[in-house]
Enquirer: 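The structure that follows is given in the form of structure tokens.
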Amino acid sequence: MKRISIAIAAGAILAFGATAASAGTLDQVKQRGSLACGSNSGLTGFGIPDDKGQWTGLDVDFCRAVAAAVLNDPTKVKFIPLTAKDRFTALQSGEVDVLARNGTWTLSREADLGLLFAAVNYYDGQGFMVRKKLNVNSALELNGASICVQQGTTTELNLADYFRSNNMKYEGVVFANVDDVIKAYDTSRCDAFTTDVSQLYGERIKLVNPDEHVVLPEVISKEPLGPAVRQGDDQWFDIVKWTHFAMINAEELGVTKANVDDKLKSDDPSIRRLLGVEGDFGKGMGLTKDWAYHIIKAVGNYGEAFERNVGEGSKLKIKRGLNNLWSKGGIQYAAPVR
Amino acid sequence: MSGRAVDLPPVAKISPFYDPRVRGFVYQGLLVLALGILIYGAASNAIANMQARNIPTNFDFWNKTSGFDINFTLIPYSAQSTFGDAFWVGLLNTLLVAAIGVFFATILGFIVGVARLSPNWIVARMATIYVESLRNVPLLLQLLFWYNAILKPLPGVRDSIVIPGLSGKPFAFLNNRGLVLPQPVFGAEFDLVLAAFGLACLLAAGFWFYARKIQRETGRRLPSGWAGLALVIGLPAIAYFAAGSPLTLDYPVLRGFNFSGGARVLPELVALLLGLILYTATFIAEIVRAGIQSVARGQSEAALALGLSGGQVLRLVVIPQAMRVITPPLTNQFLNLTKNSTLAVFIGYPDLVQVFAGSVLNITGAAVQIIAVTMAVYLVISLLTSLAMSFYMRLTATVER
Ligand SMILES: N[C@@H](CCC(=O)N[C@@H](CS)C(=O)NCC(=O)O)C(=O)O
């Protein structure tokens, strides 16, 4: 029912909302005094409320960073949990200002859905999880298998491609809510569960006996995950993009949550520009000049956010891999602040 | 009528301004006009808004390749089919659930409704307990319950429960992927059997009319029911053997993860049907009970006095009269069942909402068009159901005496 109501709300906003609603997101956020962040409804490591009701995760921290840059207060975020299926409608209709919900950047989502992906805050790929006792060592052994998958994801489409191109058959069992997917897999309705690899690790925790399941080695797709915004508001697009870039640049320059105040006194011109000590780079985006300082003060640099949420400091223990800085063997790279 | 009207004093001609009929027309016209302007304004504003945001506003997606699979389809479909094909798959899956659901919910509802009025204390009590307990639990919970209740105890594919056939070799398999049955393969000569069946139906109908005529004229009752049944079963059976048994079965074989060959009944479909039927039947039972109780007691007493048996009283006297009370709310229940079938998304059955307002909407982003089409579909199903039911009402209307 919620799905329908979101669609109807979207229709209503489109039908009765002012035509120019897509411009001026920054002003709206400032006026409202809080950021509406479309987030996951419960994915460990990316977006999930903890036992105290506090939202945590890499995508959650990203929204906090945007709020810090725009409102100078990382707590001024309203998290709106969205299923895979509802998320783009919620963004299109203006119900959320930014969608940071492990969304894959694809051509059709930009060209056909009227969205723009501002950055990639996690390079991922799709994988499979199976029960150990099936003795399957490769996804290529899954011919004829039943596979549980969530609706409205790139996963659903990659799955069809992969089996077709490998001349294999499968039965896809599709659910709208991820918890139903997990439950069906856990009750053995499916032989395998498929989604982005990072999420396989995140969802495995929800299984009755996580240790009885393994992730297969094949990664069958490219899944660049990142925050998206509506088309037609370039200023807002810039703010979201540069929030990510500021976090990457901070890591590269060795600026952390702990040392950011000391770094205000640094002589390094790159650091001085990033933290707004020299020049006023926030102005062009409608922000204060210490916008990046607020981001780092609030959530730390990209590396810190990664380790805290999905890396060594978390339950998931995911290696940096592709998500390491370009200078350290990964592909995370940001344009310079100048 | 006209004779009495003469007695009334002549009515003065009123100005159209005060004529309630004219006024009614004007007000209604204004309302329709205002509504039209509102809808037009909303629609054109929506289109402008969507275009400004680069959201598709047309149905170009209909013929594009869908790219996703559906695990239960009544028509051929693959990931290379179009979004339009996916719509038809979803629609047919919805209609299948609605048709089977309505059929069994009605039968169960009638049985329980009659049972609630049974003089047998235990029967009546059991019916009451069933109705009161299931009617008050949210349907979604019941669906999830049935889904788990079906999945949990069933074994995996490799340990399937084997249902042996007549010849002793495995006929069907039951496991947590569903019930795997042999798929009937129809030979070309099977048309003969179908033709025989059609002919038998015609003959049976003819005989029934003839028997009715005889009964009216002479009061003699011919066994038209049994004769019809014998015809409808016997004739196709004779044709079947005469044509050399043109029906073979494709038996399922276990290969790797799953059975290949055969046909499969999904656990999702069974759970959805169980939930919908058991839930809707409780409401139908109440409607039937109310309908029967609305028939005056004297009717059944009189029928009994005439020597009809208990069953005959119910079938020939009470139910036909009760139907007048039962049919309108029964129609509502049929519509409810159809609409409730959209809860399928929660247990993974690919109905219209799941496939079309789900996967297709998400991939194409054409939210407004797709939701509009989906709503229109349910509206049309509702209207057609109501139409059919009112047609049935008119057909069976009892003549008041
Ligand atoms: N990256 C993929 C998949 C993202 C996705 O929705 N993953 C699911 C599977 S774990 C998820 O996060 N579900 C959580 C939810 O719906 O609350 C996409 O953008 O389509």
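Predicted model, so just to flag it, every value in this text is computed and none were measured. By convention in this document, chain letters (A, B, ...) are assigned in the order of the sequence lines, proteins followed by strands, and residues within each chain are numbered from 1. The analysis underlying the following values was restricted to heavy atoms, covering all of them including side chains, and did not include hydrogens, waters or symmetry mates.
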Enquirer: How many angstroms lie between atom CE of B:Met375 and atom OG of B:Ser382, to the nearest 0.5 angstrom?
Expert: 12.0 Å
Enquirer: What is the distance from atom CD1 of A:Ile147 to atom CG of A:Asp191, rounded to the nearest 0.5 Å?
Expert: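 Atom-to-atom, A:Ile147:CD1 and A:Asp191:CG are 7.5 Å apart.
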Enquirer: Tell me which of these, B:Leu266, B:Ile370, B:Ile363, has more heavy-atom pairs under 4.5 Å with chain A than the rest.
Expert: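 It is B:Ile363.
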Enquirer: Given a strict heavy-atom distance threshold of 4.5 Å, which part of A:Cys148 is in contact with chain B: side chain, backbone, both, or neither?
Expert: neither
Enquirer: From B:Phe171 CZ over to B:Ile163 CD1, what is the distance, rounded to the nearest 0.5 angstrom?
Expert: 8.5 Å
Enquirer: Taking every non-hydrogen pair under 4.5 Å, which of A:Arg189, A:Glu171, A:Glu156 racks up the most with chain B?
Expert: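 That would be A:Arg189.
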Enquirer: Over 60° means perpendicular and under 30° means parallel, so tell me whether A:Phe128 and A:Phe163 are parallel, tilted or perpendicular.
Expert: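 Because their plane-to-plane angle is over 60°, the rings of A:Phe128 and A:Phe163 count as perpendicular.
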Enquirer: Quick check: under 4.5 Å, non-hydrogen atoms only, which of residues 100-112 of chain A neighbour chain B?
Expert: A:Ala111, A:Asp112
Enquirer: Within residues 61-71 of chain B, which residues come under 4.5 Å of chain A, heavy atom to heavy atom?
Expert: B:Ser66, B:Gly67, B:Phe68, B:Asp69, B:Asn71
Enquirer: Enumerate by number any residue of residues 135-153 of chain B whose heavy atoms lie under 4.5 Å from heavy atoms of chain A; in the absence of such residues, state 'none'.
Expert: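 From residues 135-153 of chain B, the residues near chain A are B:Tyr147, B:Asn148, B:Leu151, B:Lys152.
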Enquirer: Can you tell me how far the CG atom of A:Leu35 sits from the CG atom of A:Asp97, to the nearest 0.5 Å?
Expert: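 It comes to 5.0 Å.
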Enquirer: Quick one: pull up CG in A:Asp238 and CG in A:Leu26 and give me the separation to the nearest 0.5 Å.
Expert: 11.0 Å
Enquirer: Among residues 131-141 of chain A, which ones touch chain B with a heavy-atom distance under 4.5 Å?
Expert: A:Leu134, A:Val136, A:Glu141
Enquirer: If we only count heavy atoms from C-beta on, is the B:Asn362 to A:Gln151 side-chain gap below 4.5 Å?
Expert: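 Counting from C-beta outward, B:Asn362 and A:Gln151 never come under 4.5 Å.
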Enquirer: Against chain B, label A:Leu159 side chain, backbone, both or neither, depending on which of its atoms sit under 4.5 Å from a heavy atom there.
Expert: neither
Enquirer: As an exercise: rank A:Asn143, A:Leu157, A:Asp179, A:Leu115 by heavy-atom pairs under 4.5 Å with chain B and give me the winner.
Expert: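 Sorted descending by pairs with chain B, the first entry is A:Leu157.
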Enquirer: Is B:Gln80 close to chain A through its backbone or its side chain, or both, or neither, when contacts mean heavy atoms under 4.5 Å?
Expert: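 Only the side chain of B:Gln80 comes within 4.5 Å of chain A.
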